[in-house]
Amino acid sequence: MNYWLLKSEPDTYSIDDLARDPQHAEHWDGVRNYQARNMMRDQMKLGDQAFFYHSNCKEPGIVGIMEIVRESYPDFTAHDPASNYYDPKSDPDNPRWYMVDVRHVRTLKRTITLTELKAQAPLAEMPLVRRGNRLSIMPVSAEQWRYILTLA
DNA sequence: GCCAACGTTGGC
DNA sequence: GCCAACGTTGGC
C-alpha cells in the first residue's frame with residue numbers, strides 16, 4: 001500500500017465538503033500538472049491512503065485522511081467548457097487528464113500545520129516542506145506517514 | 001496583495 | 001532544442 005498527500009484549497013473544496021458528501025466520497029478532479037497526473041494515474045492504487053492538505057489558506061496543513069476507492073480514469077471536467085478545469089487541448093478520445101475517487105476516512109482533531117511539519121527533522125525530505133515545491137500530489141513514505149500521525 | 005519559484009508555451 | 005515571456009501556485 002502507498003501513502004500520498006493531496007492538496008486542495010479549502011475555499012474550493014475542503015475536508016468538510018468531503019465529509020459532508022452522502023457517500024463521504026468524491027472524485028479528485030482538476031489535477032492539471034503532468035508530474036502529479038503521472039503519479040495519480042500510474043501509482044495510485046485502490047486502498048492507498050492519503051492526507052488531505054489545505055493549501056492557500058489561513059492555516060495551511062494536514063487536516064484529515066482519505067482512502068483511494070477508485071483508481072484513475074479520465075477527468076471529465078477537462079472536456080466541460082463550463083468547468084474551471086476545462087482544457088480545450090485535451091482530446092476526449094485521448095484524455096490528457098485523470099482523476100481518482102477518494103473516500104473520507106477521518107478528520108483530524110486539529111490541523112497539523114505546515115509550520116509544525118517544517119520543524120520536524122524526520123520530515124525534512126518531504127517535498128512539501130522544501131522550498132518552492134508546488135506539487136499538488138506527492139508520495140509520502142510509510143515512515144513519514146506514521147510519524148505524522150504521532151503528531152496528530 | 002506580494003512575490004519567489006516553478007511549469008508551460010511558443011517563436012526562433 | 002533553447003529560452004524568454006507568461007501564467008500559476010501558494011506561503012507569508
Side-chain angles (χ1 to χ4, degrees), chain A residues 2-21 26-44 48-68 71-141 143-145 147-152:
Chain A
N2 300 311
Y3 298 100
W4 304 94
L5 181 143
L6 307 183
K7 290 184 189 174
S8 181
E9 302 190 12
D11 288 349
T12 305
Y13 193 74
S14 75
I15 184 91
D16 293 335
D17 293 324
L18 181 61
R20 197 180 297 131
D21 187 277
E26 253 303 353
H27 48 265
W28 198 266
D29 60 17
V31 174
R32 297 290 180 271
N33 169 282
Y34 288 103
Q35 214 182 329
R37 178 207 67 183
N38 291 347
M39 286 189 281
M40 189 169 63
R41 186 190 58 189
D42 304 334
Q43 296 172 46
M44 221 175 252
D48 282 0
Q49 292 202 294
F51 287 127
F52 196 126
Y53 178 90
H54 280 174
S55 68
N56 203 10
C57 57
K58 191 181 273 185
E59 195 176 50
I62 293 171
V63 294
I65 295 172
M66 300 178 279
E67 180 186 350
I68 308 303
E71 292 180 11
S72 69
Y73 59 104
D75 182 342
F76 51 78
T77 64
H79 310 124
D80 174 6
S83 169
N84 286 337
Y85 303 123
Y86 179 55
D87 179 2
K89 293 186 204 154
S90 178
D91 175 2
D93 293 328
N94 184 20
R96 179 181 296 193
W97 305 114
Y98 286 79
M99 58 189 179
V100 297
D101 288 356
V102 297
R103 177 178 68 84
H104 179 267
V105 174
R106 66 187 170 98
T107 300
L108 300 182
K109 291 193 182 68
R110 65 179 191 90
T111 302
I112 306 173
T113 65
L114 178 60
T115 309
E116 195 178 347
L117 293 166
K118 280 181 169 171
Q120 308 296 325
L123 303 179
E125 298 305 314
M126 283 189 83
L128 182 72
V129 303
R130 304 192 80 103
R131 190 178 157 79
N133 192 284
R134 304 183 322 184
L135 268 184
S136 62
I137 295 179
M138 60 185 81
V140 176
S141 74
E143 291 75 19
Q144 289 163 350
W145 180 272
Y147 183 81
I148 290 167
L149 285 179
T150 68
L151 303 173

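Quick note on labels: first sequence line is chain A, next is B, and so on, each numbered from 1.
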### Query
Nucleotide by nucleotide, 5' to 3', does protein get under 4.0 Å of the base (B), only the sugar-phosphate (S), or neither (-) in nucleotides 4-11 of chain C, counting heavy atoms?
---BBBBB

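For A:Q35, the CD atom counts as loosely surrounded, since its 6.0 Å shell holds 12 or fewer non-hydrogen atoms of other residues, nucleotides or ligands.
Each of A:Y34, A:Y85, A:F76, A:Y86 was scored for a ring pair (Phe, Tyr, Trp, His ring centres under 6.0 Å) with A:W97, with one residue passing: A:Y34.
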#### Entry: ring-ring contact (aromatic ring centres under 6.0 Å, His included) between A:F52 and A:W4, worked out
CA-CA 9 Å; A:F52 196 126; A:W4 304 94; over 10 Å; no

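The list of side-chain hydrogen bond (donor to acceptor under 3.5 Å, both in side chains) pairs with a residue in residues 52-61 of chain A, not counting sequence neighbours, reads A:E9-A:N56.
Remark: the backbone N or O of A:N2 is paired with a side-chain donor or acceptor of A:D48 at under 3.5 angstrom.
Residue-level contact check: A:K58 touches neither bases nor backbone, having no heavy atom under 4.0 Å from any strand.
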